Amino acid sequence: MPLRPGRRAWAVWAVGLAAYIVAVLHRTSLGVAGLDAQDRFQVGAGALASFAVLQLLVYAGLQVPVGLLLDRFGSLRLVVSGALIMAAGQGLMATAHGVEGAVIARVLVGAGDAMTFISVLRLVPLWFPARRVPIVTQLTGLVGQAGQVLSAVPLAALLAGPGWTTAFVGAAGAGVFVAIVALVALRDTPERKVSSGAPITLRQLGADLTGAWRHPGTRLGLWSHFTTQFTGTVFALMWGFPFLVAGEGLDRQTASTLLTVFVLVGMAAGPVIGVLVQRHPLRRSWLVLGIIAVNAGAWTLVLAWPGRAPLPVLVVLVLALGTGGPGSMIGFDYARTFNPPSRLGTATGVVNVGGFVASLVTIELIGLILDARTGGHNDYGIDDFKIAMSVQYLIFAIGLVAILRNRRLARRHLAAEGIVVRPLREVLAERRGLAADRTAKAKS
């Protein structure tokens, strides 16, 4: 493979990226439409949260099966199938007037979404040289979040203007369009448009899944994804818009702007984190821990603020949450470096379960707490949201403990292979000593 990817590689990646952008639009559409959905379906916060939880449950539950299918059938077939399934879900959402139709629609969205991201990620190591993979992986996850901008701005404008049906029919149309583009222009590998792996057998299935899970590096990736991604996903997918509007008292336009800033921060931070991962692969866990600290600290500032937080403080929160998406991508880099190519799809699926399981649990807990506080009515106040949002600290704590444990096990595994990860304090002390020596020599 050439050291520099050609235009063909970037073109194939761009098509896959377009499919992922539209998938994110579908995924986050309910968050923007949350207040409208409560009025349309006459449901409370807990029931509305259940829509998103079911969508994420389907997404997370299909990650490992989809990973196995990806290793067998390649990216092209899964990307096209996923786009059409999501389009069908959004079309159903456009015409649904009852809870049953909305539930089926979100199940379809979750199922199609599950096929898209890891299929696009699989294209990256097949089309780009190894040294470019961390950066392109970051770009995939973060430019893909432009789909949140599409839901926060155009979709929100359609909801406020022409209305519910037009907004979701438009989203369905975008899904059909990107499926057609992928069918025409996407290729699995530089050699073949459609690439198939070995037939799936129960024995091989069990071996791939067991091998991926038993490696502590895969589990470290899962828990890194779990802890860095969930709070931003909860904010963008479900509770950020209601929190900002009903809790913090912002108007819809300002709330949409903050959600857009959230996406732009992630897009700006992604390449920086990708470069850091590329240059310091043995310090990836410190990046993860730093991002967790930034996210938890920002929520502490907002939730501890007396009454409603001023706009600059909410901007700080959004800036902090924007780093969570890039941080979660480090989990996929663990999957890539700790697993052979033959089970990369499976390992990626295992990692991708983490953040979405954490998100669906948190979304449902927040909804249940809000219902308990308001008796099922939709008249939330800032104090209700502060108590409900505090449940995130429990998820932070669980993830942090698991990261530290699996980091220790992964380092033991590396040591057995002759790769020793020196404690960060020793490396920093050595660098300070070298810097002092250089200063002394310069003075002499």
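From a predicted model like this one, the values you see are computed outputs, not experimental measurements. Along the sequence shown, residues carry numbers from 1. In what follows, every heavy atom counts, from backbone to side chain, and hydrogens, waters and symmetry copies are set aside.
- Exactly one residue among V288, I330, I135 makes a side chain to side chain contact (heavy atoms under 4.5 Å, CB included) with I273. That residue is I330.
- Put simply, the side chain of Y59 reaches to within 4.5 Å of the side chain of N352, judged on heavy atoms.
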| said: Show, in sequence, the C-alpha distance, side-chain angles and deciding distance for M329 and L121, and conclude whether the side chain to side chain contact (heavy atoms under 4.5 Å, CB included) test is met. | reply: CA-CA 10 Å; M329 300 301 294; L121 278 190; 4.2 Å; yes
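- Aromatic rings from F356 and F117 are positioned such that their centres are separated by 6.0 Å or more.
- In summary, R336 and D333 engage in a salt bridge, as defined by a charged side-chain N under 4.0 Å from a carboxylate O.
- Between H26 and V109 there is a side-chain heavy-atom pair separated by less than 4.5 Å.
- Checking side-chain atoms of Y334 against main-chain N and O of S285 turns up a donor-acceptor pair under 3.5 Å.
- Between A410 and P216, the closest heavy-atom pair is N-CB, 3.7 Å.
- A search for side chain to side chain contact (heavy atoms under 4.5 Å, CB included) contacts involving M238 returns L48, A52, I363, not counting sequence neighbours.
- Side-chain contact between V302 and F243: present, with at least one pair of heavy atoms (C-beta onward) separated by less than 4.5 Å.
- A salt bridge is absent between D188 and R77; no separation between the charged side-chain nitrogens and carboxylate oxygens falls under 4.0 Å.
- Using cut-offs of 30° and 60° on the angle between ring planes, the pair W13 and F128 is perpendicular.
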Can you give the donor-acceptor pairs under 3.5 Å from side chains of residues 160-179 to other protein atoms, not counting sequence neighbours?
residue, atom, partner, partner atom, Å
W164, NE1, M93, O, 2.8
T165, OG1, A94, O, 3.2

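- In this structure, a donor-acceptor pair under 3.5 Å is absent between the side chains of R27 and T116.
- Using a 3.5 Å distance cut-off with no hydrogens or angles, the side chains of T218 and N339 do pair a donor with an acceptor.
- One N or O on the side chain of S75 and one on the backbone of S119 form a donor-acceptor pair closer than 3.5 Å.
- Using a 4.5 Å heavy-atom cutoff, the side chains of N406 and L222 are not in contact.
- Panel note: side chain T95, backbone L92; a donor-acceptor pair is recorded below 3.5 Å.
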| message | Please determine whether side chain to side chain contact (heavy atoms under 4.5 Å, CB included) holds for the pair T140 and L123, giving the CA-CA distance in whole Å, both sets of side-chain angles, and the decisive distance to 0.1 Å. | response | CA-CA 10 Å; T140 303; L123 293 170; over 6 Å; no
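- Under the 4.5 Å side-chain criterion, counting only non-hydrogen atoms from C-beta, D383 is in contact with R373.
- No donor-acceptor pair closer than 3.5 Å links the side chain of R40 to the backbone N or O of H97.
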| Step by step, would you call V22 with Q90 a side chain to side chain contact (heavy atoms under 4.5 Å, CB included)? | CA-CA 12 Å; V22 174; Q90 295 292 57; over 6 Å; no
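- For the pair V15/V184, no side-chain contact is recorded, criterion being any heavy-atom separation below 4.5 Å from C-beta on.
- Contact detail for L183 and L76: the closest heavy-atom pair is CA-CD1, 4.2 Å.
- Ring geometry, F332 versus H225: the interplanar angle exceeds 60°, so the pair is classed perpendicular (tilted spans 30 to 60°).
- Here the side chains of E248 and I382 are in contact, with some heavy-atom distance below 4.5 Å.
- Note: R408 CZ to L404 CG = 8.0 Å, rounded to the nearest 0.5 Å.
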| said: D251 vs V245, test: side chain to side chain contact (heavy atoms under 4.5 Å, CB included). Steps then yes/no. | reply: CA-CA 6 Å; D251 58 68; V245 174; over 6 Å; no
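- Considering CZ of F385 and CZ of R308, their distance stands at 10.5 Å, rounded to 0.5 Å.
- At least one donor-acceptor pair closer than 3.5 Å links the side chain of K386 to the backbone N or O of G307.
- The nearest pair of heavy atoms linking P125 to V133 is CA-CG2, 4.0 Å.
- Figure legend: cation-pi geometry between R407 and W286, with NZ or CZ positioned under 6.0 Å from the six-membered ring centre and within 45° of its axis.
- Within the 4.5 Å cutoff, the side chain of V350 has heavy atoms near those of the V64 side chain.
- Between atom CG of residue L370 and atom CG of residue L365 there is a gap of 11.0 Å, rounded to the nearest 0.5 Å.
- Between the OG1 atom in T362 and the CH2 atom in W239 there is a gap of 12.5 Å [rounded to 0.5 Å].
- Here the OG atom belonging to S359 is positioned 9.5 Å from the CD atom belonging to Q392, to the nearest 0.5 angstrom.
- In this structure, the side chain to side chain contact (heavy atoms under 4.5 Å, CB included) partners of L321, at least two apart in sequence or on a different chain, are T231, F235, F262, N295, W299, L317.
- Going from atom CG of L108 over to atom CD1 of I85 covers 7.5 Å, rounded to the nearest 0.5 Å.
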